[in-house]
Enquirer: 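Have a look at this one before I ask anything.
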Amino acid sequence: MNEQKPQQTAFATPQDLYQTDDWRPGYFFSPAARLPRLARNWPQLKDVGADVLDGWRFSDNPESDWYLKNVALRDPSARDPITGERARIKAGPKLREEAERYRAAIEGDLYYRMRHIECLELKPDNQQMQPPAIEGEAFCTQPGDILIRRVGNVTASLVTEYHRQHPVDANVGIIRGLPQREAVWVTFCLNQQLYKEYLEQQFGTTSLVRVGLKRIRSVPTPPVPTNFARLADQFLKHYNAKTEGEDRLFQLRQRVRRHIQPKLPKNEQEFGSFDFYSPRDITDVLSHASASQARSSREMLDTGEFTHLGELANIADHGTKQTKPKQRPENPRVLRIGDIDAQLGIDASAATTNHTWRHHERPLSKFDVLISTFVSSPRVGLVAQDMPEPIFPTEQLAVLNFNQYPGAYALVMEHPSIQRQLEQLATGTVQRFIHSRKFKQLVLPIIERQTAMFWHQQLADILNDQSQQRAQIRTVLNEMLQIYEKAHSGNDSHKREHAA
């Protein structure tokens with residue numbers, strides 16, 4: 001006869017039952033119950049003057065009722081029986097203007113998604129550095145707001161004055177109205193495992209986590225420790241400097257784009273497609289995209305202001321063994337596409353040894369330019385500093401060694417005309433990628449020496465400053481963690497995790 005395991009027991013006080021809206025027995029054995037037991041005398045977030053707001057509820061599907069009614073200004077319930085077209089809504093100037101703002105925000109990706117929210121820091125792509133199309137709504141960000149991911153892995157980040165005040169989508173919540181130092185403290189707490197477990201409440205179910213606004217409002221909020229104020233000020237100082245650097249990079253990118261645009265042939269400026277191709281534009285790949293790229297390249301070369309990438313840089317071939325195997329570490333650290341951020345930076349600390357990735361034979365060196373070979377995940381990065389140890393890029397990254405001014409040409413590689421060439425040269429259907437040998441077919445504008453030198457130095461200065469600010473932030477976060485653990489020391493069983 002099999003022995004039965006002893007049954008778990010737990011005692012729940014009336015206060016425990018009062019403070020939770022979940023009376024299932026499994027809850028009191030779950031990690032989600034640990035925070036309320038620790039925080040019996042702490043106020044909830046709703047009691048400390050914070051407003052918890054929903055994100056922008058919209059649809060980017062042109063066939064959805066919301067899009068038809070609010071953007072296309074069509075009646076979803078009325079269709080012409082002959083043409084099948086939706087009936088137009090009678091709209092005044094104000095409604096038409098609002099519809100255009102919605103269209104600009106959706107088509108220009110001018111809103112924050114879950115992927116932009118990382119631990120304590122909001123990390124926008126280049127598109128979100130554009131001026132907002134929608135302003136003044138409750139679902140638009142404001143300086144001092146805390147943005148919290150509500151689906152999947154709960155994460156919170158802080159908004160600064162240098163972030164554009166775009167809307168956030170409905171998968172993101174907004175915590176607004178806290179004093180600056182308290183906002184930093186609450187953001188730090190929300191990124192710790194104890195708070196994640198409370199919000200996510202994953203026990204006895206495999207369904208996708210979605211945190212409700214009511215749950216966020218009920219988060220226990222510990223008083224801000226007196227010795228935390230200094231660290232909060234230091235964090236804000238370095239975080240603001242980092243986001244200011246992102247704004248400077250955006251201005252530099254805009255300058256590069258304005259410089260390149262007049263050089264493009266008319267067809268390339270209009271982003272047109274060609275219906276007829278000369279025989280000399282037919283390559284070994286018989287496709288519309290390949291022929292279109294060949295013709296665009298030829299027209300750009302004919303202007304005398306463009307040249308092939310192979311004339312400007314050496315394109316590293318991951319199949320060429322440039323380093324003897326005995327010189328390689330036994331467990332090499334590998335840099336992946338995801339380790340390149342949207343601001344051209346390289347996060348060397350994220351390079352992993354726990355992998356099965358195939359990688360280049362040569363480790364990264366200063367001023368290497370990295371390009372993602374997956375066109376669905378465009379990323380350009382510049383190694384602005386010497387690597388502290390050998391780090392090898394994965395084969396999913398192309399490595400370019402420019403003859404001079406690599407920073408300038410890293411910025412050029414982001415231009416839409418170059419990204420469009422990459423898309424045209426890509427192969428595959430679902431995961432479209434470009435082989436490293438195809439990079440030789442890319443055509444880039446020739447940048448004047450003084451201009452290229454200025455761009456390169458500007459980018460190198462920005463990236464070096466960003467790296468220094470990140471290092472300072474990591475130091476501050478380590479000190480914050482010690483204060484956090486002391487403030488939560490009443491629960492020795494909870495897992496200590498630094499989510500920075």
Enquirer: Could you label the plane-to-plane angle of the Tyr102 and Trp66 rings as parallel, tilted or perpendicular, counting under 30° as parallel and over 60° as perpendicular?
Expert: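 If you compare the ring of Tyr102 with that of Trp66, the planes turn out tilted.
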Enquirer: Is it true that a side-chain atom of Asp368 and a backbone atom of Ser365 form a donor plus acceptor pair closer than 3.5 Å?
Expert: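 Looks like yes, one N/O pair under 3.5 Å.
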Enquirer: Compare all side-chain heavy atoms of Arg164 with those of Phe250 and state whether any distance is below 4.5 angstrom.
Expert: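 Yes; the side chains approach each other to less than 4.5 Å.
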Enquirer: Go through the steps to decide whether Glu97 and Arg101 satisfy the test salt bridge (Lys or Arg N to Asp or Glu O under 4.0 Å), and finish with yes or no.
Expert: CA-CA 6 Å; Glu97 182 181 347; Arg101 289 201 304 270; 3.5 Å; yes
Enquirer: Once rounded to the nearest 0.5 Å, what's the spacing between atom CZ of Arg113 and atom NE2 of His166?
Expert: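 If I round to the nearest 0.5 Å, the distance is 12.5 Å.
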Enquirer: Could you check whether any side-chain heavy atom of Phe439 comes within less than 4.5 Å of a side-chain heavy atom of Thr373, counting everything from C-beta outward?
Expert: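 The answer is yes; the side chains approach within 4.5 Å.
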Enquirer: Does a side-chain heavy-atom distance below 4.5 Å link Leu444 with Met413?
Expert: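 They are in contact (side-chain heavy atoms under 4.5 Å apart), so the answer is yes.
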Enquirer: How are the rings of Phe228 and Trp185 set to each other: parallel, tilted or perpendicular (split at 30° and 60°)?
Expert: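 Rings of Phe228 and Trp185: perpendicular, as their planes differ by over 60°.
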Enquirer: List the residues meeting ring-ring contact (aromatic ring centres under 6.0 Å, His included) with Phe139, not counting sequence neighbours, and say none if there are none.
Expert: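 Only Trp56 meet the ring-ring contact (aromatic ring centres under 6.0 Å, His included) criterion with Phe139.
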Enquirer: For the atom pair CZ (Arg57) and CG (Asn171), what is the distance rounded to the nearest 0.5 Å?
Expert: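 That separation rounds to 8.5 Å.
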Enquirer: Would you compute the distance between atom OG1 of Thr155 and atom CD of Glu121 and round it to the nearest 0.5 angstrom?
Expert: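 So the gap between those two atoms works out to 12.5 Å.
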Enquirer: Looking only at heavy atoms, which two atoms of Val186 and Leu178 are closest? And how far apart?
Expert: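 Result for this residue pair: CG2-CD1, 3.8 Å.
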Enquirer: May I ask you to check whether His116 and Tyr111 show a side-chain donor-acceptor distance below 3.5 Å?
Expert: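 No, Tyr111 and His116 have no side-chain donor paired with an acceptor closer than 3.5 Å.
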Enquirer: Counting C-beta onward and ignoring hydrogens, is there a side-chain heavy-atom pair between Ile340 and Leu397 closer than 4.5 Å?
Expert: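 Yes. Closest side-chain heavy atoms under 4.5 Å.
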Enquirer: With side-chain contact (heavy atoms from CB on, under 4.5 Å) as the criterion, how do Gln44 and Val219 come out once you've worked through the C-alpha distance, each side chain's angles and the decisive distance to 0.1 Å?
Expert: CA-CA 5 Å; Gln44 295 182 347; Val219 171; over 6 Å; no
Enquirer: Ignoring hydrogens and geometry, is there a side-chain-to-backbone donor-acceptor pair from Gln419 to Pro378 under 3.5 Å?
Expert: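 A pair under 3.5 Å: no.
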Enquirer: Could you report the tightest heavy-atom contact between Pro62 and Tyr67, atom names first, then the distance?
Expert: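 Taking Pro62 first and Tyr67 second, the nearest heavy atoms are CA-CD2, 3.4 Å.
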Enquirer: Which one of Ile148, Thr221, Ile216 satisfies the side-chain contact (heavy atoms from CB on, under 4.5 Å) criterion with Leu190?
Expert: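 With Leu190 as partner, Ile148, Thr221, Ile216 yield a single side-chain contact (heavy atoms from CB on, under 4.5 Å), made by Ile148.
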Enquirer: Can you name the nearest heavy-atom pair linking Ala410 to Val380, along with the distance?
Expert: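 Scanning both residues, the minimum pair turns out to be O-CG1, 3.5 Å.
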Enquirer: Is there a side-chain contact (heavy atoms from CB on, under 4.5 Å) between Val52 and Leu45 once you walk through the steps?
Expert: CA-CA 9 Å; Val52 180; Leu45 191 58; 4.2 Å; yes
Enquirer: Taking Ile391 as the fixed residue, which of Ile346, Val334, Leu335, Val383 is the one that meets the side-chain contact (heavy atoms from CB on, under 4.5 Å) rule?
Expert: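 When side-chain contact (heavy atoms from CB on, under 4.5 Å) is applied between Ile391 and each of Ile346, Val334, Leu335, Val383, only Leu335 qualifies.
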Enquirer: Is any NZ, NE, NH1 or NH2 atom of the basic residue among Asp125 and Arg115 found under 4.0 Å from an Asp or Glu carboxylate oxygen of the other?
Expert: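 Salt bridge present between Asp125 and Arg115.
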Enquirer: Carefully, step by step, assess Leu194 and Tyr484 under the rule side-chain contact (heavy atoms from CB on, under 4.5 Å).
Expert: CA-CA 11 Å; Leu194 183 63; Tyr484 166 87; 3.6 Å; yes
Enquirer: Does a salt bridge link Arg217 with Asp47, judged by any charged N lying under 4.0 Å from a carboxylate O?
Expert: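 Not counted as a salt bridge, because no side-chain N and carboxylate O are separated by less than 4.0 Å.
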Enquirer: If the threshold is 4.0 Å, N to carboxylate O, is there a salt bridge linking Glu479 and Arg230?
Expert: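 Salt bridge flag = yes for Arg230 with Glu479.
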Enquirer: Side chain of Thr243, backbone of Tyr239: donor and acceptor closer than 3.5 Å?
Expert: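 Judged by distance alone, yes, a pair lies under 3.5 Å.
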Enquirer: Could you report the tightest heavy-atom contact between Trp455 and Ala408, atom names first, then the distance?
Expert: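 Smallest heavy-atom distance, with atoms named: CB-CB, 3.9 Å.
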Enquirer: Do Ser59 and Asn61 have a side chain donor and acceptor closer than 3.5 Å?
Expert: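 No, no side-chain donor-acceptor contact under 3.5 Å.
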Enquirer: Can a salt bridge be assigned to the pair Asp54 and Arg150 using a cut-off of 4.0 Å between side-chain N and carboxylate O?
Expert: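 Looking at Arg150 together with Asp54, the answer is yes, because their closest N to O distance falls below 4.0 Å.
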Enquirer: Between Glu246 and Lys242 (salt bridge meaning N to carboxylate O under 4.0 Å), is one present in this structure?
Expert: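 Here Glu246 pairs with Lys242 in a salt bridge, since their nearest N and O are under 4.0 Å apart.
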Enquirer: Indicate yes or no: does Arg181 engage Asp233 in a salt bridge with an N to O separation below 4.0 Å.
Expert: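 Yes, Arg181 and Asp233 are salt-bridged.
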Enquirer: Ignoring hydrogens, what is the shortest heavy-atom contact between Leu110 and Pro131? Give both atom names and the distance.
Expert: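 So the minimum-distance heavy-atom pair works out to CD1-O, 3.9 Å.
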Enquirer: Quick one: does Val256's side chain get under 4.5 Å of Gln251's, heavy atoms only?
Expert: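 They are not in side-chain contact.
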Enquirer: Please check if the side chain of Gln234 supplies one atom and the backbone of Val476 the other of a donor-acceptor pair under 3.5 Å.
Expert: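 Not a single qualifying donor-acceptor pair exists.
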Enquirer: Any chance you could measure Arg336, atom CZ, to Thr352, atom OG1, to the nearest 0.5 Å?
Expert: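 Here the interatomic distance stands at 5.5 Å.
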Enquirer: Do Val399 and Arg362 have side chains that get closer than 4.5 Å, going by heavy atoms?
Expert: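 Side-chain contact under 4.5 Å: yes.
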Enquirer: Using a 4.5 Å cut-off on heavy atoms from C-beta on, say whether the side chain of Arg257 contacts that of Pro416.
Expert: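 Sidechains of Arg257 and Pro416: in contact.
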Enquirer: If you draw a 6.0 Å radius around CZ in Arg449, do more than 12 non-hydrogen atoms from other residues or ligands fall strictly inside?
Expert: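 Incorrect, the count does not exceed 12.
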Enquirer: Assess whether atom CD of Gln254 is packed by more than 12 heavy atoms of other residues, nucleotides or ligands within 6.0 Å.
Expert: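 Count over threshold, so yes.
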Enquirer: Looking at Ser157 and Cys119, would you say the former's side chain and the latter's main chain have a donor-acceptor pair under 3.5 Å?
Expert: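 Answer holds: no.
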Enquirer: Regarding Asp461 and Gln457, do their side chains bring together a donor and an acceptor under 3.5 Å, going by distance alone?
Expert: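 The answer is yes; a qualifying pair exists.
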Enquirer: If I take atom CZ from residue Arg255 and atom OG1 from residue Thr451, how far apart are they, to the nearest 0.5 angstrom?
Expert: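 Rounded to the nearest 0.5 Å, the CZ-OG1 separation comes to 10.5 Å.
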Enquirer: Using modelled atom types only, decide if a donor and an acceptor are shared between the side chain of Ser64 and the backbone of Asp60 within a distance under 3.5 Å.
Expert: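 Absent.
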Enquirer: Hey, mind stepping through Gln142 and Val159 against side-chain contact (heavy atoms from CB on, under 4.5 Å) and telling me if it holds?
Expert: CA-CA 7 Å; Gln142 297 179 14; Val159 180; over 6 Å; no
Enquirer: Ignoring hydrogens and geometry, is there a side-chain-to-backbone donor-acceptor pair from Arg149 to Asn153 under 3.5 Å?
Expert: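 Between the backbone of Asn153 and the side chain of Arg149 there is a qualifying donor-acceptor contact (under 3.5 Å).
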Enquirer: With a 4.0 Å cut-off on N to O distance, would you call Arg103 and Glu100 a salt bridge?
Expert: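 A salt bridge links Arg103 with Glu100.
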Enquirer: How close do Ala183 and Leu158 get, heavy atom to heavy atom, and via which atoms?
Expert: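 Nearest pair, atom of Ala183 first, then Leu158: CB-CD1, 4.0 Å.
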Enquirer: May I ask you to decide whether Asp145 forms a salt bridge with Arg176, counting only side-chain N to carboxylate O separations under 4.0 Å?
Expert: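 A salt bridge is present here (some side-chain N lies under 4.0 Å from a carboxylate O).
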Enquirer: Verify side-chain hydrogen bond (donor to acceptor under 3.5 Å, both in side chains) between His259 and Glu448, making sure each step is shown before the conclusion.
Expert: CA-CA 11 Å; His259 184 89; Glu448 298 79 6; 3.1 Å; yes
Enquirer: For Leu344, does its backbone N or O pair with a side-chain atom of Asp341 as donor and acceptor, under 3.5 Å?
Expert: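 Pair found, side chain donor or acceptor close to backbone of Leu344.
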Enquirer: Could you walk me through whether His456 and Tyr409 satisfy the ring-ring contact (aromatic ring centres under 6.0 Å, His included) test, starting with their C-alpha distance in whole Å, then the side-chain angles of each, then the deciding distance to 0.1 Å, before giving a yes or no?
Expert: CA-CA 8 Å; His456 169 79; Tyr409 285 101; over 10 Å; no
Enquirer: Is Ile418 close to His415 at the side-chain level, that is, under 4.5 Å between some pair of heavy atoms?
Expert: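 Touching, per the 4.5 Å side-chain cut-off.
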Enquirer: Check whether Ser467 reaches the backbone of Asn464 with its side chain - one donor and one acceptor, N or O, closer than 3.5 Å.
Expert: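 Side chain of Ser467 to backbone of Asn464: no pair is present.
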Enquirer: Would you say the side-chain atoms of Glu361 pair up with the backbone N or O of Phe392, donor to acceptor, closer than 3.5 Å?
Expert: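 Side chain of Glu361 to backbone of Phe392: no pair is present.
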Enquirer: Nearest 0.5 Å, what's the CD1-CD distance between Ile260 and Glu414?
Expert: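 Answer for the CD1-CD pair, Ile260 versus Glu414, is 10.0 Å.
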